[in-house]
Number of protein chains: 2
Amino acid sequence: MNSDFTLAIHSLTYLALQPDRMSTSEAISDSAGVHPVRIRKVLSLLKKNGFIKSKEGIGGGFIFALDLNEVTLWDIYKITSEGALQPKCPDSNEKCIVGANMHTVLFKIFLGAEEHLGEYLKDYTIKEIVDLINQCKGCDC
Amino acid sequence: MNSDFTLAIHSLTYLALQPDRMSTSEAISDSAGVHPVRIRKVLSLLKKNGFIKSKEGIGGGFIFALDLNEVTLWDIYKITSEGALQPKCPDSNEKCIVGANMHTVLFKIFLGAEEHLGEYLKDYTIKEIVDLINQCKGCDC
DNA sequence: TAATCTGTAACGTTTACTATTACAGTACAA
DNA sequence: TTGTACTGTAATAGTAAACGTTACAGATTA
């Protein structure tokens with residue numbers, strides 16, 4: 001699975017725990033263990049889709065824009081990883097009935113698989129991720 | 001998605017359409033559009049798991065060993081791609097409650113996602129793939 | 001106007017994937 | 001019993017995708 005997906009979840013969870021103030025990309029990247037520019041790319045996508053708001057300049061950063069219960073993992077998957085399940089087949093032999101049609105057949109099956117996965121991911125909201133994270137206490141974040 | 005998975009499906013489907021004779025790795029690789037050695041690696045895995053039989057030497061090759069209805073896409077997924085859904089997170093910050101626990105939380109969620117995907121993939125047998133392929137006629141394979 | 005932040009493009013590096021070469025082992029056929 | 005046609009697998013090389021890093025323009029505040 002695409003790591004943009006997990007970085008998006010990580011970022012949103014982080015922001016969900018800081019509902020009253022702006023968080024910088026550096027703070028989030030420090031939590032996630034990646035480069036701030038990488039986080040900004042992911043956050044840029046989240047912003048474009050209305051999940052978060054941002055502000056430039058001193059005291060700026062990112063903040064959650066929606067209710068935690070409104071955002072599901074499926075929503076995040078769709079903007080970061082849609083089509084990721086789809087395998088990238090090499091061009092197979094058009095003169096063989098298998099080679100000529102396998103791609104089409106598998107494409108439909110994987111499309112169904114992604115829809116099916118969607119039903120599972122819709123059951124998880126950011127609120128629930130936050131709750132699961134909170135079940136571990138005693139950290140100093 | 002891992003392309004070993006689709007190459008395995010491709011190979012088994014090819015063999016399913018040649019039930020009475022051995023097929024060489026070259027014939028299959030020609031159909032799939034990849035190098036014969038690559039196909040042999042995938043077939044080696046399928047053989048180890050009892051899906052196919054092989055024979056070396058002149059007139060040798062590979063042949064299906066089970067009933068087409070016995071083998072599901074989930075069976076194939078398990079031997080070629082198990083864990084593929086699991087994202088490879090970078091090591092996140094242990095001092096942050098999010099960084100410290102995100103990996104564990106997501107691991108469980110993706111484990112569930114894979115199980116869920118399994119329920120979908122179990123519905124497709126090689127027999128059904130063959131039928132779908134056969135719905136297109138007029139090729140000279 | 002200096003400091004701090006976002007936003008994004010460009011470039012370099014690393015890692016995973018795939019192709020290719022090479023060759024040993026097996027089976028058959030003449 | 002020797003040549004031919006396969007499998008089986010390791011080792012290497014090449015390619016593409018992922019990721020890190022640098023650089024800098026634009027926004028905002030003190």
Side-chain angles (χ1 to χ4, degrees), chain A residues 1-8 10-11 14-15 18 21-49 51-65 80-81 83-93, chain B residues 1-8 10-11 14-15 18 21-49 51-65 80-81 83-93:
Chain A
M1 178 66 59
N2 191 333
S3 78
D4 279 9
F5 183 43
T6 58
L7 285 176
H10 194 118
S11 301
Y14 187 98
L15 294 179
Q18 311 282 342
R21 54 170 167 158
M22 291 278 180
S23 304
T24 66
S25 61
E26 196 182 340
I28 302 169
S29 76
D30 186 49
S31 166
V34 296
H35 200 277
V37 172
R38 181 102 189 283
I39 287 291
R40 291 210 285 273
K41 274 179 201 164
V42 172
L43 292 176
S44 162
L45 203 60
L46 291 172
K47 184 188 174 186
K48 200 155 60 185
N49 286 275
F51 296 116
I52 59 174
K53 286 183 275 194
S54 72
K55 208 172 92 180
E56 302 183 14
I58 293 175
F62 302 87
I63 196 163
F64 218 99
T80 59
S81 311
L85 236 53
Q86 213 58 241
K88 28 211 161 321
C89 302
D91 292 334
S92 46
N93 192 338
Chain B
M1 179 66 59
N2 189 334
S3 77
D4 279 8
F5 183 43
T6 58
L7 285 176
H10 194 118
S11 301
Y14 187 98
L15 294 179
Q18 312 282 341
R21 53 170 167 158
M22 291 277 180
S23 303
T24 67
S25 60
E26 196 181 340
I28 302 169
S29 76
D30 186 49
S31 167
V34 296
H35 200 277
V37 172
R38 180 105 188 280
I39 287 291
R40 292 211 284 274
K41 273 180 200 162
V42 172
L43 292 177
S44 164
L45 202 60
L46 292 173
K47 185 189 173 187
K48 200 155 59 184
N49 287 274
F51 296 116
I52 59 174
K53 285 184 275 193
S54 72
K55 208 173 90 179
E56 302 182 11
I58 293 174
F62 301 87
I63 196 163
F64 219 98
T80 59
S81 312
L85 237 54
Q86 212 58 241
K88 25 208 165 324
C89 302
D91 293 334
S92 47
N93 193 338

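Chain letters run A, B, ... following the sequence lines, proteins first, then strands; residues in each count from 1.
Applying the 4.0 Å criterion to OP1 and OP2 of D/dG8, one finds that B/K48 has every side-chain N and O outside that range. Side-chain N/O atoms of B/S44 include one lying less than 4.0 angstrom from OP1 or OP2 on D/dT9. The phosphate of C/dT6 (OP1 or OP2) has no side-chain N or O of A/K41 nearer than 4.0 angstrom. Contact annotation: A/S3 reaches the phosphate of D/dC19 (side-chain N/O to OP1 or OP2, under 4.0 Å).
Residues B/L85 and A/L85 meet the side-chain proximity criterion, which asks for heavy atoms closer than 4.5 Å. In this structure, B/P36 and B/I39 have side chains that are not in contact, with every pair of non-hydrogen atoms separated by 4.5 Å or more. Side-chain atoms of B/I28 and B/L15, non-hydrogen and from C-beta on, do get closer than 4.5 Å to each other. Taking the side chain as every heavy atom from C-beta outward, B/S31 and B/H10 approach each other to under 4.5 Å. With a 4.5 Å cut-off on side-chain heavy atoms, B/F5 and A/P87 do not count as touching.
Distance, B/I52 CD1 to D/dC6 P: 16 Å, rounded to whole Å. Computed from coordinates, the A/M22 CE to D/dA27 P distance equals 16 Å when rounded to whole Å. Atom CG in B/D4 sits roughly 14 Å away from atom C1' in C/dA19 (whole-Å rounding). Per the geometry, CG belonging to A/L46 stands 14 Å off C1' belonging to C/dG7, to the nearest Å. Separating the NZ atom of B/K53 from the C1' atom of D/dC6 is a distance of 18 Å, rounded to the nearest angstrom. Straight-line distance from the NZ atom of B/K55 to the P atom of D/dG8: 13 Å, rounded to whole Å. Atom P of nucleotide D/dT9 and atom CG of B/L43 are separated by 12 Å, given to the nearest angstrom. Look at CG on A/L15: it is 14 Å from C1' on C/dT6, rounded to the nearest Å.
Backbone-only engagement by B/K47 is indicated by non-hydrogen atom pairs under 4.0 Å involving sugar-phosphate atoms exclusively.
On a pure distance criterion of 3.5 Å, a polar donor-acceptor pair joins the side chain of A/R40 and the base of C/dG7.
Mapped onto DNA chain C by nearest heavy atom, B/P36 and A/G60 fall at different nucleotides, with A/G60 at the one closer to the 5' end. If you find the closest nucleotide of DNA chain C to A/G59 and to B/I58, the one lying nearer the 5' end belongs to A/G59. Between A/E56 and B/S54, the residue anchored nearer the 5' end of DNA chain D, judged by the nucleotide with its closest heavy atom, is B/S54.
Closest to the side chain of B/F62, out of D/dT7, D/dT21, D/dT9, is D/dT7. Nearest to the side chain of B/T24, among D/dC6, C/dA27, C/dG7, sits D/dC6.
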